[in-house]
2 protein chains.
Amino acid sequence: MPRADTARDRILDAFQRVLISSGERAATLDAVAAAAGVSKGGLLYHFASKDALVDGLLERLDTFAAADDERMRSAPEGTVDYVIRTSVEEGSAFDEALIAVSRLAQGSHEKARTALAAVRARWETAIAAAVGDPAVARTIMLVSDGLYYNSTLLGAFETSDTRDGAMDELLAVLGRLTPASPGPAAAS
Amino acid sequence: MPRADTARDRILDAFQRVLISSGERAATLDAVAAAAGVSKGGLLYHFASKDALVDGLLERLDTFAAADDERMRSAPEGTVDYVIRTSVEEGSAFDEALIAVSRLAQGSHEKARTALAAVRARWETAIAAAVGDPAVARTIMLVSDGLYYNSTLLGAFETSDTRDGAMDELLAVLGRLTPASPGPAAAS
DNA sequence: GTCTATAGGGTGATAGAC
DNA sequence: GTCTATCACCCTATAGAC
């Protein structure tokens with residue numbers, strides 16, 4: 001179901017690509033159809049309306065988010081490490097769906113914004129479970145939000161943030177906030 | 001110049017209002033003209049094109065940002081306190097211009113994104129000057145970004161963040177990161 | 001300065017051929 | 001399943017009356 005080479009999936013891939021590289025406004029049915037290598041009519045056979053196309057992408061995001069949820073909680077480096085490091089784009093399928101939906105949310109699409117908030121809620125819950133102090137958990141979540149905001153919305157990571165070791169530095173700073181316990185390895 | 005009741009300013013106010021409440025896509029010349037109480041033709045007399053309208057808003061933002069820069073550096077509560085607290089919407093004229101430009105940046109508008117990055121750069125510089133450690137400064141800036149992301153883009157502050165004292169709590173957590181010196185009062 | 005009218009281009013969606 | 005018209009609508013911008 002997730003990685004089939006059906007026409008539907010190829011169209012969703014194209015939709016994502018156009019959204020990510022050119023934004024919501026450019027993601028017209030015409031543009032998506034062209035990127036998918038079909039005509040507008042062909043696209044509309046698989047997705048009866050633009051809203052249906054959006055819903056398809058939102059479902060895809062939800063599938064990926066559920067998978068990420070498990071990975072996040074069982075991450076060997078620890079939940080906080082995992083969440084912070086994956087806050088900045090790395091090119092996974094989940095990432096791509098997430099950024100595409102972000103572009104959608106940037107437009108006006110209410111459903112996309114809700115879906116995004118739901119993904120964020122998963123992260124927040126996991127961080128709260130990993131760190132004792134709720135105020136610290138909130139701080140860490142906000143840092144994650146900040147990384148995400150910079151990398152996907154502002155597109156401004158030419159400065160210090162791509163630098164190798166910047167992430168380790170950041171995690172070291174955040175590590176100082178959890179008085180009791182483990183940044184890395186809360187082991188078995 | 002900044003607070004005159006000229007027709008230009010009334011139109012820019014209307015542009016802001018529509019952008020904030022209905023998003024970039026809804027901010028058509030028709031909608032802005034209606035909100036400003038003029039016709040489309042009337043609007044286009046003052047701003048020759050939609051691009052000119054955007055430029056007008058960007059100039060307004062820059063004026064406010066320059067004023068904010070001074071306030072930020074001379075804030076009696078300290079720069080970090082000031083930046084963090086003003087990261088979440090409070091309804092100032094600066095805020096409104098900032099959010100309006102954000103909505104614009106959410107579309108595709110490159111100039112708006114650049115303007116937003118410039119404002120962020122002002123904050124980052126000021127924080128770096130106030131806090132010794134650059135890694136800590138970056139962390140604080142990311143928290144500010146996160147607050148901004150949540151309040152203006154996700155619109156998700158119904159949870160813990162509006163709560164009275166949430167900001168104090170957050171600032172207390174961040175205060176633990178500056179080993180040497182003063183959250184509040186680096187006084188005279 | 002502000003209005004109405006209209007040109008010109010793009011967008012989502014339908015109908016019907018293949 | 002996929003394509004080529006084609007429709008109705010909305011958006012920016014211009015022209016010219018008042």
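Keep in mind that the numbers below use all heavy atoms, side chains included, and drop hydrogens, waters and symmetry copies.
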*Lys/Arg N to Asp/Glu carboxylate O, B:Asp13 vs B:Arg17, below 4.0 Å*: no
- prompt: Is A:Glu24 salt-bridged to B:Arg25, cutoff N-O under 4.0 Å?
  reply: yes
Separation of atom [atom1] in [X] from atom [atom2] in [N], rounded to whole Å:
X       : N      : atom1 : atom2 : answer
B:Arg8  : C:dT2  : CZ    : C1'   : 17 Å
B:Asp30 : D:dC10 : CG    : C1'   : 9 Å
B:Glu24 : D:dC11 : CD    : P     : 12 Å
A:Lys40 : D:dC7  : NZ    : C1'   : 11 Å
B:Phe47 : C:dG1  : CZ    : P     : 14 Å
B:Arg10 : C:dG1  : CZ    : P     : 12 Å
A:Ile11 : C:dG12 : CD1   : C1'   : 15 Å

The nucleotide from D:dT2, D:dC3, C:dT2 with an atom nearest the side chain of B:His46 is C:dT2
Of C:dG12, D:dT14, D:dT12, the nucleotide closest to the side chain of B:Leu44 is D:dT14
### Query
Checking all strands, does A:Leu29 fall into the base, sugar-phosphate, or nothing category for heavy-atom contacts under 4.0 angstrom?
sugar-phosphate
- Indicate, with a heavy-atom threshold strictly under 4.0 Å, whether A:Thr28 touches base, sugar-phosphate, or nothing. sugar-phosphate
Note: for A:Arg25 and A:Gly41 on DNA chain D, the residue whose nearest nucleotide lies more 5' is A:Gly41
Between A:Ser39 and B:Ser49, whichever has its closest DNA chain D nucleotide further toward 5' is A:Ser39
One should read off an interatomic distance between B:Tyr82 OH and B:Ser74 OG, to the nearest 0.5 angstrom, of 8.5 Å
Here the gap from B:Phe15 atom CZ to B:Arg8 atom CZ, rounded to the nearest 0.5 Å, amounts to 12.5 Å
Query raised in the report: Does atom CD of A:Glu90 have more than 12 heavy-atom neighbours, drawn from other residues, nucleotides or ligands, at distances under 6.0 Å?
Result: yes
Any A:Tyr45 side-chain N or O less than 4.0 Å from OP1/OP2 of D:dG1:
yes
Taking for A:Ala48 and for A:Ala26 the nucleotide of DNA chain C with the nearest heavy atom, the one nearer the 5' end belongs to A:Ala26
